[in-house]
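Everything below concerns the one structure shown next.
Note that the structure is a prediction, hence the values are computed from the model and not measured.
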Amino acid sequence: MSSLMIASMDIRAVRPRVFLYPLGVWVLMAVLAVLNGGLREVVLIPRVGAYPGHVLSTAVLTTVILVLSFLYFTNTPIAYLPVELLLVGTLWTALTVGFEFLVGYLEGTPVAVTLAQYNVFAGQVWILVPLVLFCSPLVFGWYLTN
């Protein structure tokens, strides 16, 4: 890690106002994720089956997240500090996981079923979505712009 990156990891340097636009990007991602879920249920699963539909849908969503993250962080005039980028990734991840559990709760889905979506040992690939959400701000906001 460069000394500039270490120096800019000071939490006291965080500017709360820089999170407004990434919050808007997350809302767009959430809308596209819901549409992707509809695509999975209506188009993919009937054509290719449940598991391949899940994998394809996850691949589509992670691609959407990567593209939107790339477009935002490589075009924003805001010079984000690395600590802010880590916090954006944390915010996006927490909002997404929280949204997923909230929707599951409202639909009456048992928590165990929602948690099972994260079981990579059972062949679930959904964990890629929160991982990409967490990492993409740092990748596109720091490494590709420096």
Side-chain angles (χ1 to χ4, degrees), residues 1-104 106-107 109 114-146:
M1 228 185 268
S2 73
S3 59
L4 176 60
M5 185 171 181
I6 292 170
S8 61
M9 295 298 276
D10 185 358
I11 195 75
R12 294 172 295 184
V14 172
R15 302 161 295 167
R17 70 183 180 281
V18 302
F19 297 99
L20 186 58
Y21 288 116
L23 186 59
V25 173
W26 179 83
V27 169
L28 177 59
M29 289 180 191
V31 168
L32 294 173
V34 170
L35 292 173
N36 180 57
L39 174 75
R40 180 187 61 242
E41 297 300 318
V42 174
V43 176
L44 295 177
I45 290 176
R47 287 187 170 76
V48 300
Y51 183 72
H54 166 70
V55 172
L56 286 169
S57 178
T58 301
V60 167
L61 185 55
T62 55
T63 301
V64 166
I65 292 166
L66 289 169
V67 168
L68 289 175
S69 297
F70 173 81
L71 290 173
Y72 175 71
F73 286 108
T74 58
N75 291 295
T76 184
I78 300 169
Y80 285 92
L81 300 172
V83 67
E84 292 168 337
L85 295 167
L86 286 172
L87 289 172
V88 168
T90 301
L91 175 69
W92 284 356
T93 303
L95 288 171
T96 300
V97 172
F99 180 77
E100 181 183 8
F101 277 87
L102 177 63
V103 169
L106 294 175
E107 291 177 341
T109 304
T114 305
L115 283 173
Q117 295 175 1
Y118 293 88
N119 186 352
V120 293
F121 298 112
Q124 297 298 318
V125 294
W126 170 255
I127 192 71
L128 290 173
V129 172
L131 288 173
V132 168
L133 283 164
F134 180 75
C135 295
S136 63
L138 192 59
V139 169
F140 297 125
W142 177 256
Y143 291 111
L144 293 184
T145 58
N146 284 316

Report, one line per pair, each donor and acceptor closer than 3.5 Å where one atom sits in a side chain of residues 18-32; sequence neighbours left out.
unit_1, atom_1, unit_2, atom_2, d
W26, NE1, T96, OG1, 2.8

If I take atom [atom1] from residue [X] and atom [atom2] from residue [Y], how far apart are they, to the nearest 0.5 angstrom?
X    : Y    : atom1 : atom2 : answer
N75  : F70  : CG    : CZ    : 7.5 Å
R40  : L35  : CZ    : CG    : 12.0 Å
L86  : Y80  : CG    : OH    : 13.5 Å
L128 : L133 : CG    : CG    : 11.0 Å
L85  : S69  : CG    : OG    : 10.5 Å

Report yes if the side chains of V14 and L87 come closer than 4.5 Å at any heavy-atom pair, otherwise no.
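Yes - at least one pair of side-chain heavy atoms lies under 4.5 Å apart.
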Donor-acceptor contacts under 3.5 Å from residues 114-124 side chains, at least two apart:
unit_1, atom_1, unit_2, atom_2, d
Y118, OH, E100, OE1, 2.5
Y118, OH, W126, NE1, 3.2
N119, OD1, F121, N, 3.0
N119, OD1, A122, N, 3.3
Q124, OE1, H54, NE2, 3.1

Exercise: identify the closest heavy-atom pair between [X] and [Y]:
X    : Y    : result
A59  : T62  : O-OG1, 3.0 Å
G53  : I45  : CA-CG1, 4.3 Å
S136 : L66  : CB-CD2, 4.2 Å
L44  : S57  : CD1-N, 3.9 Å
T58  : V125 : CG2-O, 3.5 Å

Would one find more than 12 heavy atoms of other residues, nucleotides or ligands at under 6.0 Å from atom CZ of F99?
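Incorrect, the count does not exceed 12.
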How about CZ on R47, more than 12 heavy atoms from neighbouring residues, nucleotides or ligands closer than 6.0 Å, or not?
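Check fails, neighbour count at 12 or below.
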With ring centroids as reference points, do Y72 and F140 lie under 6.0 angstrom apart?
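So the answer is no for these two rings.
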Please check if the side chain of E107 supplies one atom and the backbone of G104 the other of a donor-acceptor pair under 3.5 Å.
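Such a contact is absent between E107 side chain and G104 backbone.
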Quick one: do R15 and I78 satisfy side-chain contact (heavy atoms from CB on, under 4.5 Å)? Show the steps, please.
CA-CA 11 Å; R15 302 161 295 167; I78 300 169; 4.3 Å; yes
Where do V64 and N36 land on the side-chain contact (heavy atoms from CB on, under 4.5 Å) test, with the steps shown first?
CA-CA 10 Å; V64 166; N36 180 57; over 6 Å; no
Applying the side chain to side chain contact (heavy atoms under 4.5 Å, CB included) test to F134, which of T90, L91, V88 qualifies?
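That would be T90; it is the only one of T90, L91, V88 passing the side chain to side chain contact (heavy atoms under 4.5 Å, CB included) with F134.
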